[in-house]
Number of protein chains: 2
Amino acid sequence: MTDEAFPYTRRFLQGRSRDALSDREKGLLEGLVDKVERFTAPHTILNRGDVVDQSTILIEGTVARVIHEDGKRHIVALHVPGDFVDLHGFALKRLDHDVVSIGSVQIGFAPHDRIQKILETEPTLARMLWYSTLLDAAMHREWIMKLERLSADGRLAHLVAELWQRLDFVDLAGENGFSLPLTQQELADACGTTSIHMNRVVKKLRETGVVDISRGQVTVLDKTLLKELGAFDPAYLYGRGPLKLT
Amino acid sequence: MTDEAFPYTRRFLQGRSRDALSDREKGLLEGLVDKVERFTAPHTILNRGDVVDQSTILIEGTVARVIHEDGKRHIVALHVPGDFVDLHGFALKRLDHDVVSIGSVQIGFAPHDRIQKILETEPTLARMLWYSTLLDAAMHREWIMKLERLSADGRLAHLVAELWQRLDFVDLAGENGFSLPLTQQELADACGTTSIHMNRVVKKLRETGVVDISRGQVTVLDKTLLKELGAFDPAYLYGRGPLKLT
DNA sequence: GTTGGAACTTAACATATGTTAGTGGCCGGA
DNA sequence: TCCGGCCACTAACATATGTTAAGTTCCAAC
């Protein structure tokens with residue numbers, strides 16, 4: 001059976017574990033998705049503090065997890081298609097962050113009672129779902145390291161390298177870059193700096209021939225420089241796909 | 001049965017879920033611990049990249065999770081007694097960070113095959129273990145927010161407030177502070193700054209009457225100021241215990 | 001095409017933080 | 001007892017980043 005038979009979870013399968021699952025299990029995973037929604041304008045899908053009874057899987061586009069604090073937004077995670085965005089909501093129930101769409105997105109919703117049933121009856125899938133939340137935490141740790149260690153240009157380089165790699169896992173990376181609908185303000189929110197300073201950094205990386213970010217498109221000019229500047233080692237992503245940046 | 005019957009997991013039970021478990025389940029949890037070790041000097045217990053077949057629970061003292069990068073150490077998480085330090089190692093197997101002891105610590109080891117058995121047969125405990133790793137991720141997210149949003153004094157204030165709260169959950173917080181064996185260098189490593197600058201910040205917080213950190217002892221001088229400065233809202237800890245700082 | 005707003009860009013200045021260098025105190029080992 | 005090393009602390013200077021205030025480009029709605 002081809003992956004096209006699983007329109008909602010296709011990217012998830014590409015990213016992690018296509019070969020580890022039987023077709024029956026893939027079908028069960030696909031069956032988690034209850035309904036699908038598309039948002040074309042920026043939209044806050046879930047709010048911090050919400051009590052949730054379903055989790056969301058990103059099918060297409062980009063979403064961010066955001067913590068608002070006195071008027072400023074701080075991006076604590078970015079997601080690519082195939083990611084379970086708030087699977088942790090299944091156990092924690094109350095969200096500690098907002099979930100917002102960036103650009104045009106398509107999202108699937110998985111009711112918690114369906115997840116519950118899978119957990120009880122499908123040990124392989126249960127393990128995989130847990131695994132998926134642990135990978136999330138590993139990325140968080142790398143972001144912490146990035147924020148503690150790197151200055152603004154390094155942070156941007158790291159962000160670009162990570163997104164490129166993660167998009168590559170789900171077959172969405174181009175040969176020399178990828179499409180990224182983030183504004184400079186949003187890049188700044190993800191790197192813990194201001195849009196003015198992010199503008200300086202974007203300009204600098206462009207002029208030094210590292211990476212060009214403009215009009216929603218990332219073009220990597222020198223992947224070695226990019227990796228060095230971002231102190232990027234993809235090991236924490238635990239990926240099984242081809243490691244384009246390695 | 002009193003909690004003293006569970007010497008290894010007593011703090012874990014105090015922190016989260018004492019009432020949610022039957023005595024039988026508490027016994028099973030306690031039985032996860034295979035052997036116990038004590039380290040009196042600073043010691044690297046596990047290394048990044050290690051393939052692990054057991055997970056560690058902190059019984060007494062402080063441990064840090066550390067990512068080394070060109071000679072510098074970056075603390076990505078700190079743990080208090082009762083924490084499962086690397087439960088994620090059960091699923092991920094390969095560690096993406098070191099685990100190091102700070103001061104004198106006592107640590108229990110839980111072989112993965114025992115955890116596996118619990119997961120297969122004890123849904124309540126399985127859920128609780130998953131929950132525990134998700135809480136870990138929630139703290140990571142808060143650290144990301146803290147690093148993105150706060151300057152060095154705010155970061156230190158946040159760190160102190162968080163540790164005080166978490167120690168309170170496990171009955172280890174004092175009325176006006178707590179014992180903390182971190183050096184200024186280590187505080188700097190956890191706040192993404194240098195020891196020199198951390199020294200400035202420690203001095204400033206002491207002089208402005210927020211908190212006094214000296215000789216391994218944290219004395220909170222003004223908890224309202226501390227919370228404000230650190231933008232600290234304990235909601236993300238999802239705690240059930242008394243919220244001393246609220 | 002015009003208009004309005006959002007995104008991008010730049011400049012000048014203030015501040016936080018990093019860097020390098022060095023001091024003195026404390027404590028444990030020889 | 002002395003010694004050596006780690007830790008706390010300070011100073012002077014360099015740099016990265018934040019802040020405020022503009023101007024410009026781009027694009028979409030009308």
Protein-nucleic acid N or O pairs under 3.5 Å, nucleotides 16-24 of chain D:
from    : atom 1 : to        : atom 2 : distance (Å)
dT17(D) : OP1    : Ala152(A) : N      : 2.9
dT17(D) : OP2    : His197(A) : NE2    : 3.0
dT17(D) : O5'    : His197(A) : NE2    : 3.3
dG18(D) : OP2    : Thr193(A) : OG1    : 2.4
dG18(D) : OP2    : Thr194(A) : N      : 3.4
dG18(D) : OP2    : Thr194(A) : OG1    : 3.4
dG18(D) : O6     : Arg200(A) : NH2    : 2.9
dT19(D) : O4     : Arg200(A) : NH2    : 3.2

Can you give each donor-acceptor pair under 3.5 Å made by side-chain atoms of residues 42-50 of chain B, sequence neighbours left out, with the distance rounded to 0.1 Å?
from     : atom 1 : to       : atom 2 : distance (Å)
Arg48(B) : NE     : Asp96(B) : O      : 3.0
Asp50(B) : OD2    : Asn47(B) : N      : 2.8

Once you measure the plane-to-plane angle for Phe84(A) and Phe12(A), does it fall in the parallel (<30°), tilted (30-60°) or perpendicular (>60°) bin? perpendicular

Identify, with sequence neighbours excluded, every residue that meets side-chain contact (heavy atoms from CB on, under 4.5 Å) alongside Asn176(A). none

Taking only residues two or more places apart in sequence or in another chain, which ones pass side-chain contact (heavy atoms from CB on, under 4.5 Å) with Ser151(A)? Asp153(A)

Arg155(A)-His158(A) side chain donor-acceptor pair, cut-off 3.5 Å: no

Atom-pair distance (CG on Leu187(B); P on dC6(D)), nearest Å: 19 Å

Asn199(B) CG to dG24(C) P, straight-line distance once rounded to whole Å: 16 Å

Would you call Arg11(B) and Glu60(B) a salt bridge, using N to O less than 4.0 angstrom? no

In whole angstroms, the gap separating C1' of dT25(D) from NZ of Lys203(A) amounts to 15 Å

Under the criterion ring pair (Phe, Tyr, Trp, His ring centres under 6.0 Å), I'd like the reasoning laid out for His97(A) against His88(A): C-alpha separation, chi angles, the key distance, then a yes or no. CA-CA 11 Å; His97(A) 53 74; His88(A) 58 296; 5.1 Å; yes

Double-helix bend of the helix from dG1(C)-dC30(D) to dA30(C)-dT1(D), axes at both ends from 5 pairs, round to 10°, gives 40°

In whole angstrom, give the distance that lies between atom CD of Gln184(A) and atom C1' of dC8(C). 6 Å

Taking NZ, NE, NH1 and NH2 as the nitrogens, is one of them in Asp53(B) or Lys93(B) under 4.0 Å from a carboxylate oxygen of the other? no

Hey, are Glu162(B) and Tyr236(B) close enough side-chain-wise for a donor-acceptor pair under 3.5 Å? yes

With the criterion being N/O to N/O and under 3.5 Å, what pairs connect the protein with nucleotides 27-30 of chain D, and how long is each?
none

Less than 4.0 angstrom from a charged side-chain N to a carboxylate O is my criterion; do Arg166(A) and Asp83(A) meet it? yes

